[in-house]
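So that the names make sense, note that chain A is the first sequence line, chain B the second, and so on, each numbered from 1.
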There are 2 protein chains.
Amino acid sequence: MKIDGIDKIIIRRLVKDARTPVLSIAREVGISGAAIHQRLRKLEKSKLIDGYKMVINPKALGYTTTAYVGVFLDSSSQYSSAIKRLKEIPEVIESHYTTGNYAIFIKILCKNNEDLMYLLNKDIQNIKGVSRTETFISLDQQIDRQITI
Amino acid sequence: MKIDGIDKIIIRRLVKDARTPVLSIAREVGISGAAIHQRLRKLEKSKLIDGYKMVINPKALGYTTTAYVGVFLDSSSQYSSAIKRLKEIPEVIESHYTTGNYAIFIKILCKNNEDLMYLLNKDIQNIKGVSRTETFISLDQQIDRQITI
DNA sequence: GATGAAAGAGATTGTTC
DNA sequence: GAACAATCTCTTTCATC
């Protein structure tokens with residue numbers, strides 16, 4: 001898959017605003033809308049583009065606390081069953097199987113510290129195989145972006 | 001800001017695919033396109049919607065390694081200057097000021113382990129105030145989603 | 001809040017170069 | 001790859017309910 005300068009402009013515009021009309025990009029680039037359209041279809045068929053998403057502001061829903069939690073498992077064989085349970089907790093928005101101290105590393109969103117405590121002590125600690133957790137609360141996020149094209 | 005069932009349908013459809021036409025949502029819900037359009041404008045004006053983004057698949061660009069890095073600072077007064085330097089590293093896609101052991105906690109994307117090593121040992125370790133780092137490499141990501149509406 | 005209508009803008013496709 | 005043109009669909013606004 002070769003990506004030229006025009007493709008990069010298309011991608012950068014749509015990463016910024018996924019609802020940007022193809023014709024508006026066409027006018028910026030200086031080629032026809034049909035040509036931009038054709039390129040976009042090609043980019044979508046390649047695996048480069050994963051989709052288009054509306055971004056929700058969690059704060060507007062009252063989710064003011066972001067935290068990362070390192071989860072220790074008694075045995076790594078309990079990974080898949082633990083993940084299954086974590087998927088049922090809507091506040092868990094990312095999960096990783098990681099090298100290092102933890103077995104599972106998750107990102108969670110909570111409305112307040114009480115909810116966070118409940119989530120940690122009840123929802124997560126009660127998952128079979130989870131021995132203990134280690135929590136990092138994000139007090140300030142300064143960088144949040146996608147990889148540069 | 002009150003969100004009713006129709007708003008939820010609008011949001012859920014656009015979270016899935018931000019380029020879904022308003023009229024397509026209108027047909028699903030059973031009200032006019034103009035009404036959906038009006039609701040969407042209102043949702044956009046509230047701070048609930050943060051925007052619309054094309055999602056890039058980093059793997060398609062060769063970024064196969066995701067890692068989290070805890071960064072220790074000599075002094076927390078070096079936070080803002082360190083962030084400034086981290087912003088210049090395109091592989092750093094998230095940064096958090098966190099409670100717990102680390103001062104800064106970042107998410108990075110790398111093409112391979114060599115790049116990761118270079119990033120840690122050169123780019124990050126050379127930032128003034130950084131004493132040491134602790135790295136967790138993600139071997140498997142099972143959950144990646146937004147908060148449920 | 002919702003509607004329908006209307007005008008303008010955009011998407012999409014086939015043909016041609 | 002891109003352009004052009006035709007057609008269809010969507011967006012946006014406005015008067016009305």
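- Within residues 40-47 of chain A, the residues that place at least one heavy atom under 4.0 Å from DNA chain D are, in residue-number order, A/K42.
- Take B/R13 and apply the salt bridge (charged side-chain N to carboxylate O under 4.0 Å, His left out) test, not counting sequence neighbours, and it matches B/E28.
- In this structure, the side chain of B/Q78 engages the main chain of B/S75 through a donor-acceptor pair within 3.5 Å.
- Residue B/R19 contributes atom CZ, which lies 13 Å from atom C1' of C/dT12 at whole-angstrom precision.
- Note that CG of B/L23 is 9.5 Å distant from CD1 of B/I25, once rounded to the nearest 0.5 Å.
- Under the salt bridge (charged side-chain N to carboxylate O under 4.0 Å, His left out) criterion, B/D4 pairs with B/R39, not counting sequence neighbours.
- Distance A/R27 CZ to C/dA11 C1': 13 Å, rounded to the nearest Å.
- By the salt bridge (charged side-chain N to carboxylate O under 4.0 Å, His left out) test, B/K107 is found to be paired with A/E94, residues two or more places apart in sequence or in another chain being considered.
- At a cut-off of 3.5 Å, with distance as the only test, a side-chain donor of A/H96 or B/Y68 sits close to an acceptor on the other residue.
- For the 3.5 Å distance criterion, the side chains of A/N57 and A/Y63 fail to qualify, holding no donor opposite an acceptor.
- For B/R145 (side chain) and A/K87 (main-chain N/O), a donor-acceptor pair under 3.5 Å exists by modelled atom type.
- A 4.0 Å heavy-atom criterion places the boundary nucleotides of DNA chain D facing chain B at D/dC10 to D/dT13, written 5' to 3'.
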Kindly give the atom pairs (protein nitrogen or oxygen, nucleotide nitrogen or oxygen) under 3.5 Å for nucleotides 2-5 of chain C.
{"from": "C/dA2", "atom 1": "OP1", "to": "B/R39", "atom 2": "NE", "distance (Å)": "3.4"}
{"from": "C/dA2", "atom 1": "OP1", "to": "B/R39", "atom 2": "NH2", "distance (Å)": "2.7"}
{"from": "C/dA2", "atom 1": "OP2", "to": "B/R39", "atom 2": "NE", "distance (Å)": "2.8"}
{"from": "C/dT3", "atom 1": "OP2", "to": "B/S32", "atom 2": "N", "distance (Å)": "2.5"}
{"from": "C/dT3", "atom 1": "OP2", "to": "B/S32", "atom 2": "OG", "distance (Å)": "2.8"}

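- If you take CD1 of A/I25 and P of C/dT12, they are 12 Å apart, rounded to a whole angstrom.
- Between the side chains of A/Y97 and B/Q142, no donor-acceptor pair is found at a separation under 3.5 Å.
- A tilted orientation is assigned to the rings of A/F136 and A/F105, their planes being inclined by 30° to 60°.
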